[in-house]
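Reminder, nothing fancy here: chain letters follow the sequence lines and each chain counts from 1. Model, not experiment: these values are computed from the prediction.
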Amino acid sequence: MAACISSSQLPTAIRSATATLDLFINAICLRSRSRRSLRGHSTISNSGLPAATVVSSEEAPASDFLSRFSDILKNFRNESHEYIPEPGAKPLESDPFHYNLLMKAFSRAGNIDEVLRLFREMKESKCDPNVLCYTTVLDALLAANRPKEAEKVFDEMIDSGVTPDAASFTVLVKFYSFYLKKFDSANEVIRWMIRSGCDPDVVTYTTLIAGLCKAGLVEDAWDVVDQMLQGKCAPNAHSYTPFLQAYCAQGKIEAAIRLIESMRSIGCPPDVVAYNILVNGLCKHGYFDEVALLLQNSVSDGWEPDAVTYNTYISELCKVGKADIAYKQLNIMLGKKICPTIVTLNIVLDSICQESSVWEGNHHLETSLELGLDVDAVSYNTIMSRLCEIGRLSWVLKLFNDMVKKGINPNTETFNIVIHSLCKAGKLRKAKCIFTSKGFVADIVTCNILIHEFHMARKFGELHNLLSEIDMENIRPDLVTYNTIVDSLCRNRKFLEAIDFVRSADVGYQSQAVAHLSYWLIRHRKISELISLFNEMSEQGLVFDAQMFNHLIKAFCTFGSCQGREIYKICLVLDKMLEIG
DNA sequence: GTAGGGTTAG
């Protein structure tokens, strides 16, 4: 019998979990995220991809828009005029100032390897990094999701006798609050700053507020605002926007609207970023009419919608199948002389794939290239991910080749799409070859794809070897990881191991992971196991939320327990939940 | 050199 997996041991457990699963019952096909049908693709376009099909107006409400898409693209604003140095570039002068300029440029371009190369070079050439250089490297490491190395660099800065200033302390606050969620340590840094005569500024406090809000600790974040006001450090619009994010994420739209109003009254008027967060929140909860009203009143409310406002609105309209309204909004945006950006283009490309076909989307990608637009990795990823969904491996590889030839650097998402496509086609060995590709850095999505696909193929040994090649130090398991492993265990009827796995989560029971596990237990009529799990959760003080109730009732209905004698099982579980809730 | 918004992958 295989040993139990402790999720507190993850990510090591991700590897060991694979070894414990020795039996898999069925090779269940990957659930396609899409049921979109493709309409005819028998002819071949210049690119070698099937030509886009002509879509009738009855079939696609956006067809009139599509025919004019090329004209609209001419309004497109090419944004990437920022200086990106060539790899291996040398600073103009061998001093900290010029090294920092170059490191910052590489950091902006997301090239952490070049930042670290320069940092190493400057130390080797006895050009001692100053506090600005250290801050650049620290921030670049955090941006690259390498917090452990950032911590070492901070220690090195102190050991070298370089005195940290407010900016470098702020990066340390970000490290503790964003990456480790250790808010006591973040507060300790702030106390350290005060003790050493380097007062935290509005950026320091706002960083802490953003970390707390992101973790859902909104009340603690308000305490920080109080602390700022007591310490004569006035909050600004940046300080309040994390609260807007948190309220919107929690569905507390009214609280977000009230905060926007309060910001006006306390002399800290919300700017376009604050309104964009609200627009996003309203859209995500289906309040599209309210967004229309917000835009209508923008002038009298003292703000001007920008490309992000419309990108958000258009994207969310497309997601809920309101492409016709989305395209009208795009025309309104253009009418207001707001230039569409690369993000607009990518939203529209994705929408074309949904509303028409992936081939039509590809046709418009080609048109964009012909017009000389700066398409990016996301544009390619958008088309490639749809091709992956419909199992068109060869086309995925062709687009991957095309983008590389055009000098567009694939990102981790690109590699993940290619790996996923290869796995779906059963070419697991070729998927493994990706690991040696230049620029490939695996992330948690890579791990999740591998765990799922290799489990389905019952190739546990190979999966184990592959995962051991991944640098796990900066990869944290997420909800999908938990659910993927739970799926694999439950599919193999190892329910007790699945319960142990969820139970041992180092962050305590996660509501969504428990809901996912409950689905399997209900499906397999493991009601007594479910109730004992709830008992244990109740002892640990977990409270059930409405989402959990909805999820479980749905599971019972799906598996036919809502009729006949089995109804008592639902009553038993609901009683238990109400008792805990 | 440090803080808040929109697109793509599991």
Just compare dT2(B), dG6(B), dT8(B) and give me whichever is closest to any side-chain atom of Thr382(A). dT8(B)
Just checking, is any N or O donor in the side chain of Asn346(A) or Asp376(A) under 3.5 Å from an acceptor N or O on the other one? yes
I need the CE-P distance between Met333(A) and dT7(B), as an integer number of Å. 14 Å
Checking contacts here: which listed nucleotide (dA9(B), dG1(B), dT8(B)) is nearest the side-chain heavy atoms of Thr412(A)? dA9(B)
Starting at CD of Glu453(A) and ending at P of dA9(B), how long is that distance when rounded to a whole Å? 16 Å
Selected nucleotide, minimal atom distance to Asn346(A) side chain, candidates dT2(B), dT7(B), dG4(B): dT7(B)
Specify the separation, in whole Å, of atom CG of Asn145(A) and atom P of dA9(B). 19 Å
Compare the minimum distances between each of dG1(B), dA9(B), dT7(B) and the side chain of Ile417(A), then state the nucleotide with the smallest one. dA9(B)
Does Lys424(A) have a side-chain nitrogen or oxygen under 4.0 Å from the phosphate oxygens OP1 or OP2 of dA9(B)? no
Going by number, which of residues 239-250 of chain A have a non-hydrogen atom under 4.0 Å from DNA chain B? Thr241(A), Gln245(A)
Report, one line per pair, each donor and acceptor closer than 3.5 Å where one atom sits in a side chain of residues 236-244 of chain A; sequence neighbours left out.
unit_1: Asn236(A); atom_1: OD1; unit_2: His238(A); atom_2: N; d: 3.0
unit_1: Asn236(A); atom_1: OD1; unit_2: Ser239(A); atom_2: N; d: 3.2
unit_1: Asn236(A); atom_1: OD1; unit_2: Ser239(A); atom_2: OG; d: 3.2
unit_1: Ser239(A); atom_1: OG; unit_2: Thr206(A); atom_2: OG1; d: 3.1
unit_1: Ser239(A); atom_1: OG; unit_2: Asn236(A); atom_2: N; d: 3.0
unit_1: Ser239(A); atom_1: OG; unit_2: Asn236(A); atom_2: O; d: 3.3
unit_1: Thr241(A); atom_1: OG1; unit_2: His238(A); atom_2: O; d: 3.0

The side chain of Asn416(A) lies closest to which of these nucleotides: dA3(B), dA9(B), dT7(B)? dA9(B)
What does Thr135(A) touch in the nucleic acid at a heavy-atom separation under 4.0 angstrom: a base, only the sugar-phosphate, or nothing? base
Check: Phe400(A) ring centroid to Tyr380(A) ring centroid under 6.0 Å: no
May I ask you to decide whether Glu453(A) forms a salt bridge with Lys424(A), counting only side-chain N to carboxylate O separations under 4.0 Å? no
When you measure from the side-chain N and O atoms of Arg386(A) to the phosphate of dT8(B), is any distance below 4.0 Å, counting only OP1 and OP2? no
Compare the minimum distances between each of dG6(B), dA9(B), dG4(B) and the side chain of Ile277(A), then state the nucleotide with the smallest one. dG4(B)
Using the six-membered ring wherever Trp is involved, compare the ring planes of Phe119(A) and Tyr134(A) and label them parallel, tilted or perpendicular (cut-offs 30° and 60°). perpendicular
Can you identify which nucleotide, out of dT2(B), dA3(B), dT8(B), has its nearest atom closest to the Ala167(A) side chain? dT2(B)
Assign Asn236(A) to base, sugar-phosphate, or nothing according to its heavy-atom contacts below 4.0 angstrom with the strands shown. base
Parallel, tilted or perpendicular for Tyr313(A) and Tyr310(A), by the 30°/60° rule? tilted
By nearest atom, which of the nucleotides dG4(B), dA9(B), dG1(B) is closest to the Val273(A) side chain? dG4(B)
Measure CZ/Phe415(A) against C1'/dT8(B) and give the value in whole Å, please. 15 Å
Rounded to whole Å, how long is the line connecting atom CD1 of Ile475(A) with atom P of dA9(B)? 19 Å
Classify Asp165(A) by what it touches in the nucleic acid, base, sugar-phosphate, or nothing, heavy-atom distance under 4.0 Å. base
When you get a sec, tell me which of dT2(B), dG4(B), dT8(B) is the closest nucleotide to the side chain of Thr170(A)? dT2(B)
Whole-Å distance, Asn381(A) CG to dT7(B) P, equals 14 Å
With no hydrogens and no angle check, just 3.5 Å: does a side-chain donor-acceptor pair link Asn411(A) and Asn381(A)? yes
Give a yes/no on whether any side-chain N or O of Lys214(A) is located under 4.0 angstrom from OP1 or OP2 of dG4(B). no
If the threshold is 4.0 Å, N to carboxylate O, is there a salt bridge linking Glu261(A) and Arg258(A)? no
From the list dG6(B), dT7(B), dT2(B), which nucleotide is the closest neighbour of the side chain of Thr341(A)? dG6(B)
For Asp478(A) and Thr481(A), test the side chains for any donor-to-acceptor distance below 3.5 angstrom and give the result as yes or no. yes
Taking atom C1' of dT8(B) as reference, at what distance in whole Å does atom CE of Met403(A) sit? 11 Å
Heavy atoms under 4.0 Å, any strand shown: does Asp376(A) hit a base, just sugar-phosphate, or nothing? nothing
d(CG, Leu373(A); P, dT7(B)) in whole Å: 21 Å
